[in-house]
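All remarks here apply to the structure that follows.
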Amino acid sequence: MRTHLCGELRLENVGQTVTLAGWVNRRREHGEHLAFVDVRDHSGITQAVVDNDVDVRSEYVVRITGTVVARTPETVKTNLATGEIELHDCSIEVLSAAEPPPFPLDERADDVDEMVRLKHRYLDLRRERMQRNLRVRSTVNSTIRNAMSGQGFVEVETPMLMPSTPEGAREFLVPSRQRPGNFYALPQSPQLYKQLLMVGGLDRYFQIARCLRDEDLRADRQYEFMQLDMEMSFVDVDDVLAAVEISVLDAAEAVTGVRPEAVPRISWHEAMETYGSDKPDLRFGMELVELTPVFSETGFNAFSSAEAIKGIKVEGGAADYGRNKLDGLTDEAKSFGAKGMVWLKVQGDGTFDSPVAKFISESETAALIETFSAVDGDLLLLIADDWMTTCEVLGELRNRVGRPPVSEGPYKYVWVVDFPLFVGVDSATGRPKPGHHAFCHPHTDDLDKLESDPMAVRAWAYDLVLNGWELGSGSIRIHEPDLQRRVFEILGIDEEEANRRFGFFLEPFKYGAPPHGGFAYGIDRLSAILAGEESIREVIAFPKPQSGLDPLTGAPGEVDESQLAELGIRLLPPAT
RNA sequence: GGUCCCGUAGUGCAGUCUGGAGUGCACGCCGCCCUGUCAAGGCGGAGGUCGCGAGUUCAAAUCUCGUCGGGACCGCCA
């Protein structure tokens, strides 16, 4: 049907008779017998010089046969790959006529209401940006597949219909026709199956897996998303990180042409201390500064009883942050759990401009400026609270004040390791809550503290972070039934409950489970960042908006009574 | 479940604070002109439930309340 793509022709093709097929990107008329038609496909655009008696308009699908001719020097278009040639003596065949598109199919559509783009996604996809993004994603997919296969991982598909395991995210349920009143759940992740594959001796498993979670949507969250899911046997933390790292760096290199440096590691505790986040963005500094000793003798009530006092320095920020902005930051700090936020503007005479300046002694003022290496015009933001709150709130403030958009380079990967095994206390049971999940292996150095000081126990659990986005997480799993029982005990899960909730999962471990661990990371997120996008919707062909309603197909929709009857489902009247 | 922002022609906007006739701009669309343009140019034209519904008012795109839709974020996402 065609001899070349629309972006292929160059000077060396001059003289050839070629046939292109694609969409009319634009037509420019010049009188009765001359018009220029730009024909476009995914590869690019070629200009055809045609007789103006042919009626072709924007987005008509055409096939053009013509002779490749070198453009005269004054008509060469340098910003077009095919700008040195054009087609002459053209014959045009209209393959499909087209109505004018509802929005421009060039970069101007970047400003169009996303809902309009999604309603006509098939048109949006014709744009260079979307073509590039979906191809970036395809490159990511094929690269990580090769990376895993090349390391001896076996690709295994796990079921989409599985039992409901309501421990984690809210699930999508699927009613069973053959057993009315019973439900499958769509997988939040292949977690259970991949561990069973290890018991099954697959040794190294991976899957480019679709996962589904019925939780509210965000720029980095969809109901459905793709993960590189992997699990390996007879390994420790280093082995898992190394295997994952190869795939991620391969993908980045394949897309950008540059292989990132080896991914640094930081412990969870250090990440919280230094960046106030378990997904630190290492592209900028503004590290948290420890101030507790500075205020050890303080008479300032807000600080005297605090477990931890820390702060960040916004260099030269005093001028940028007026009262309104500071009040906004204070409100944000409170919304993240702080009791308040202290701001101090450093002045040239070594004093502070601040509502609370009078509560801070001269020696404390001097010590603060010394500790921060602060100079005239700097803005200091201080939080005093329990250690966790202080770190987390400052981490949020640090991001608000200093963080560039996620897609802006450079790419800064980081492993966050040694997560705590337990985080917080279940308000219902009074027991510790698992930080990752109940099957996460405690750090063997901390096993003796499991019962005596559980909150201090580290886990063999780790996250991969890129530019402040959590790409994924994983852990070494518990393969020893005795250790699993100890962890369940701390969680307040007795044997009867464990068997009821996890029986089908625990039973296999009685038959010889290898030590194993794994990881999973989000392909949508990785693709978005590598494509330079702020939202994963831009690297998904047919995403859903925040409401979860599909503007293109109208899903979800009502179904026939007969379908419901077959499933044994009767609808309640709509809630009012 | 919550906070904040947005909704005016096919698209992007101005107009809204301070009420006075759908007042307007750009792109696109339709027609005519145009033989070297390339986001072509010139002339002309069509195109509006100011998201929807109440309320206040002599008068509402504009003020108030409600509602629907969209976005960012918090909660949530083991």
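Labels below follow one simple rule: chain letters A, B, ... track the order of the sequence lines, proteins then strands, and each chain is numbered from 1.
- Of the residues in residues 212-219 of chain A, A:Arg213, A:Glu215, A:Asp216, A:Arg218, A:Ala219 come within less than 4.0 Å of RNA chain B through at least one heavy atom, sorted by number.
- A search for side chain to side chain contact (heavy atoms under 4.5 Å, CB included) contacts involving A:Arg400 returns A:Leu329, A:Glu332, A:Phe336, A:Glu396, not counting sequence neighbours.
- When distances run from any side-chain atom of A:Ala169 to the nucleotides B:G12, B:U35, B:C77, the shortest one goes to B:C77.
- Minimum atom distance to the side chain of A:Pro100 is reached by B:C29, of the listed B:G70, B:G71, B:C29.
- The side-chain contact (heavy atoms from CB on, under 4.5 Å) test with A:Arg398 singles out one residue from A:Leu288, A:Leu381, A:Val393, and that residue is A:Leu288.
- Nucleotides B:A60 and B:G53 place their P atoms 14 Å apart, quoted to the nearest Å.
- Rounded to whole Å, the separation between the C1' atoms of B:C5 and B:C77 comes to 24 Å.
- Judged purely by atom type and a 3.5 angstrom limit, A:Gln188 uses its side chain to pair as donor or acceptor with the backbone of A:Ala169.
- For A:Asp331, there are no side chain to side chain contact (heavy atoms under 4.5 Å, CB included) partners, not counting sequence neighbours.
- For the OP1/OP2 pair of B:C73 and a distance below 4.0 Å, the side-chain nitrogens and oxygens of A:Arg221 include no atom meeting the criterion.
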- Letter per nucleotide, 5' to 3', of nucleotides 37-42 of chain B [B base touched, S only sugar-phosphate touched, - untouched; heavy atoms, 4.0 Å]: BBBB--

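- The side chain of A:Arg170 contributes no N or O atom lying less than 4.0 Å from OP1 or OP2 of B:G75.
- A:Glu507 pairs by the salt bridge (Lys or Arg N to Asp or Glu O under 4.0 Å) definition with A:Lys510, not counting sequence neighbours.
- Within the nucleic acid shown, A:Thr165 has no heavy atom closer than 4.0 Å to any nucleic acid atom.
- The side chain of A:Ser58 places no N or O atom within less than 4.0 Å of a non-bridging phosphate oxygen (OP1 or OP2) of B:G28.
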Identify each atom pair where a protein N or O and an N or O of nucleotides 3-10 of chain B are less than 3.5 Å apart, giving names and distance.
unit_1	atom_1	unit_2	atom_2	d
B:G10	O2'	A:Pro102	O	2.5

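- With sequence neighbours excluded, the residues that form a side-chain hydrogen bond (donor to acceptor under 3.5 Å, both in side chains) with A:Asn13 are A:Gln16.
- Judged as a side chain to side chain contact (heavy atoms under 4.5 Å, CB included), and not counting sequence neighbours, the contacts of A:Arg108 are A:Arg26, A:Pro104, A:Asp106.
- OP1 and OP2 of B:C73 both lie 4.0 Å or more from every side-chain N or O belonging to A:Ser335.
- The same atom, P, is picked in B:U18 and in B:C63; the two are 8 Å apart, to the nearest Å.
- A distance of about 30 Å separates the C1' atoms of B:G24 and B:C65, rounded to the whole Å.
- For residues 542-556 of chain A, every residue pair satisfying the salt bridge (Lys or Arg N to Asp or Glu O under 4.0 Å) rule, not counting sequence neighbours, is listed here: A:Glu224-A:Lys544.
- Checking A:Gln191 against A:Gln195 by side-chain atom types alone, a donor-acceptor pair falls below 3.5 Å.
- Atom C1' of B:G28 sits at a distance of 11 Å from the matching atom of B:A9, rounded to the whole Å.
- With the nearest nucleotide of RNA chain B identified for both A:His437 and A:Lys544, A:Lys544 has the one nearer the 5' end.
- When the ring-ring contact (aromatic ring centres under 6.0 Å, His included) test is applied to A:Tyr521, no partner is found at least two apart in sequence or on another chain.
- Residues passing the side chain to side chain contact (heavy atoms under 4.5 Å, CB included) test with A:Arg403, sequence neighbours excluded: A:Asp281, A:Arg283, A:Phe284, A:Asn399, A:Val406, A:Trp469.
- When each of A:Met115 and A:Phe439 is assigned the nucleotide of RNA chain B bearing its nearest heavy atom, the one mapping closer to the 5' terminus is A:Met115.
- Counting only residues at least two apart or in different chains, salt bridge (Lys or Arg N to Asp or Glu O under 4.0 Å) contacts with residues 68-82 of chain A comprise A:Arg71-A:Glu86.
- The phosphate of B:C77 has neither OP1 nor OP2 within less than 4.0 Å of any side-chain N or O from A:Gln188.
- Nucleotides B:C6 and B:G51 have their C1' atoms positioned 12 Å apart, rounded to a whole Å.
- At the heavy-atom level, A:Arg117 lies nowhere under 4.0 Å from the strands shown.
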